[in-house]
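Residue numbers start at 1 and run along the sequence shown.
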Amino acid sequence: MTQPKDLDWANIGFGYRDTGKTYQAFYKDGQWEPGKVVESSEITLSVAANVFHYGQAIFEGLKAYRWKDGSIHLFRPELNAQRFTESAERLLMVPFPEDEFVKAVHEVVKANAEWVPPYGTNATLYIRPFLIGTGASVGLSPSEEYFFGIYVTPVGAYFKGGMEPTKFYVTEYDRAAPHGTGAAKTAANYAASLIAGQEAKAKGYSDALYLDAATHTKIEEAGAANFFGITKDKQFVTPKSPSILPSITKRSLLYLAEHHLNLDVIETDIFIDEADQLVEAGAMGTAAVISPISQIQYGDRTIDYGPNVGPITKELYDELTGIQFGERPAPEGWVPEVK
């Protein structure tokens, strides 16, 4: 297994590396057993486990950041815990208690502290909590047993080039239907998106841009991230839809845009036919952070935002990452320290 001392932290990419320590907890006989950090990255399941056949699987994504003084900090983990509960309830799963969720994240990061990338490399420790139905069953029904786990892995930029502007391709595939599971962070939504993402990449784009399933007229999500735009009037706009995953990065940027940059913020319909009226556009999420969009290909039409990072996009990125890495003042409670 690769050791932290052997890594080129500034060029590690966005991939999985086994750190050797994970968090594990089991739900059996109607209650959660005490969880703990273990020196194992494997679990054993029945061939009839619910997750294999009926798809009870959800997950979260958050990061740990090394500050200049060597300390390690998280970013709003209580919001991940809340969204995790909402996803679990949507799939009729037994939620892992939110306070225990946050405590478990602290514990597994502390146990893997040597894997948190050094300050100044722009790399982070990605944290992946997940919940799966493990009870053996043949008939379609919610599982009676569950496994909650967390693994961590050091990562670099999600999109190649990081803050370099990137191109998106409007797909004809749907990510999630109205009244479906789009707002839940469930594995099935991501499995369904693989074909669109592969198609976009084969055409030379970074990822697919999804329109609403009902009318195919409104922008919903940018690959595995939320979409945002900046208008000529300096408004920060982002799609509002029950089919969209409620991004914690989006929630944070809405706050920062309004309270730190003094922009008007609007969650509203963004019609693809009017996307050329935006002066800047980007994708935002835990993995992507902020990825500027230089171009959107929509059928035979090309919407071009230019080859450079827009000034407001850059300002938002600097503010967000400055808070995450301890370089700028943070709102109360946003960046708890791992001790």
Side-chain angles (χ1 to χ4, degrees), residues 22-38 40-41 43-46 48-64 74-111 126-137 139-152 176-177 179-192 224 226 242-252 285-287 333-334 336 338:
T22 64
Y23 185 94
Q24 299 186 3
F26 296 88
Y27 179 87
K28 295 180 179 179
D29 301 322
Q31 63 180 356
W32 280 104
E33 298 176 352
K36 61 182 179 180
V37 173
V38 299
S40 173
S41 301
I43 57 174
T44 301
L45 300 178
S46 164
N50 177 291
V51 64
F52 296 140
H53 308 282
Y54 302 124
Q56 280 192 301
I58 63 169
F59 65 95
E60 271 300 322
L62 61 160
K63 291 178 176 178
L74 304 173
F75 184 73
R76 310 190 76 180
E78 75 285 351
L79 297 187
N80 293 94
Q82 293 170 15
R83 189 172 65 179
F84 199 68
T85 294
E86 293 165 0
S87 295
E89 291 174 343
R90 176 62 181 83
L91 270 67
L92 291 182
M93 305 174 79
V94 178
F96 193 70
E98 292 180 19
D99 57 340
E100 291 298 315
F101 177 104
V102 174
K103 180 181 176 183
V105 169
H106 277 264
E107 288 181 8
V108 75
V109 171
K110 183 177 180 180
Y126 189 78
I127 307 161
R128 173 54 60 82
F130 63 99
L131 178 67
I132 58 175
T134 55
S137 62
L140 176 58
S141 63
S143 179
E144 295 183 355
E145 297 182 356
Y146 293 93
F147 172 81
F148 171 75
I150 308 176
Y151 72 78
V152 300
H179 309 295
T181 56
K185 201 168 177 66
T186 174
N189 288 338
Y190 293 82
N226 281 192
S243 298
I244 294 175
L245 181 74
S247 165
I248 289 152
T249 301
K250 181 180 81 171
R251 290 176 61 175
S252 302
T286 297
W334 275 31
V338 175

message: I'd like to check Val105 versus Leu62 (side-chain heavy atoms, cut-off strictly below 4.5 Å). Are they in contact?
response: yes
Mind checking the [atom1]-[atom2] spacing from [X] to [Y]? Nearest 0.5 Å is all I need.
X: Ile58; Y: Met93; atom1: CD1; atom2: CE; value: 5.5 Å
X: Asn226; Y: Thr249; atom1: CG; atom2: OG1; value: 8.0 Å
X: Lys28; Y: Phe147; atom1: NZ; atom2: CZ; value: 10.5 Å
X: Leu74; Y: Ile127; atom1: CG; atom2: CD1; value: 5.0 Å
X: Trp334; Y: Ser252; atom1: CH2; atom2: OG; value: 4.5 Å

message: With a 6.0 Å cut-off (strictly less than), is the heavy-atom count around CD of Gln24, excluding the residue itself, greater than 12?
response: yes
field: Asp99 CG: over 12 foreign heavy atoms closer than 6.0 Å
entry: yes
Any side-chain to backbone donor/acceptor pair from [X] onto [Y]? Under 3.5 Å, distance only.
X: Asn189; Y: Leu245; value: no
X: Thr134; Y: Glu145; value: yes
X: Ser243; Y: Gly182; value: no

Nearest heavy atoms of [X] and [Y], plus distance in Å:
X: Gly55; Y: Leu91; answer: O-CD2, 3.9 Å
X: Ala183; Y: Pro246; answer: O-CD, 3.2 Å
X: Arg76; Y: Ile248; answer: CB-CG2, 4.5 Å
X: Gly61; Y: Pro129; answer: N-CD, 4.4 Å

Partners passing side-chain contact (heavy atoms from CB on, under 4.5 Å) against [X] (at least two apart in sequence or in another chain):
X: Phe59; result: Arg128, Phe130, Lys185, Tyr190
X: Lys110; result: Val338
X: Pro142; result: Gln56, Leu92, Tyr146

message: Give me each pair satisfying side-chain hydrogen bond (donor to acceptor under 3.5 Å, both in side chains) with a member in residues 81-94, each pair once, sequence neighbours excluded.
response: Glu60-Arg83, Thr85-Glu98
Any residue meeting ring pair (Phe, Tyr, Trp, His ring centres under 6.0 Å) with Phe96, in chain and number order, not counting sequence neighbours: Trp32, Phe148
Side chain to side chain contact (heavy atoms under 4.5 Å, CB included) evaluation trace for Ile132 with Leu45: CA-CA 11 Å; Ile132 58 175; Leu45 300 178; 3.8 Å; yes
- prompt: Residues in side chain to side chain donor-acceptor pair (under 3.5 Å) with Ser143, at least two apart?
  reply: none
- request: Would you sort out whether Val152 and Tyr23 count as a side chain to side chain contact (heavy atoms under 4.5 Å, CB included), showing the intermediate values?
  value: CA-CA 9 Å; Val152 300; Tyr23 185 94; over 6 Å; no
message: So if I apply the side chain to side chain contact (heavy atoms under 4.5 Å, CB included) rule between Thr22 and each of Val38, Ile43, Ile150, which one comes out positive?
response: Val38
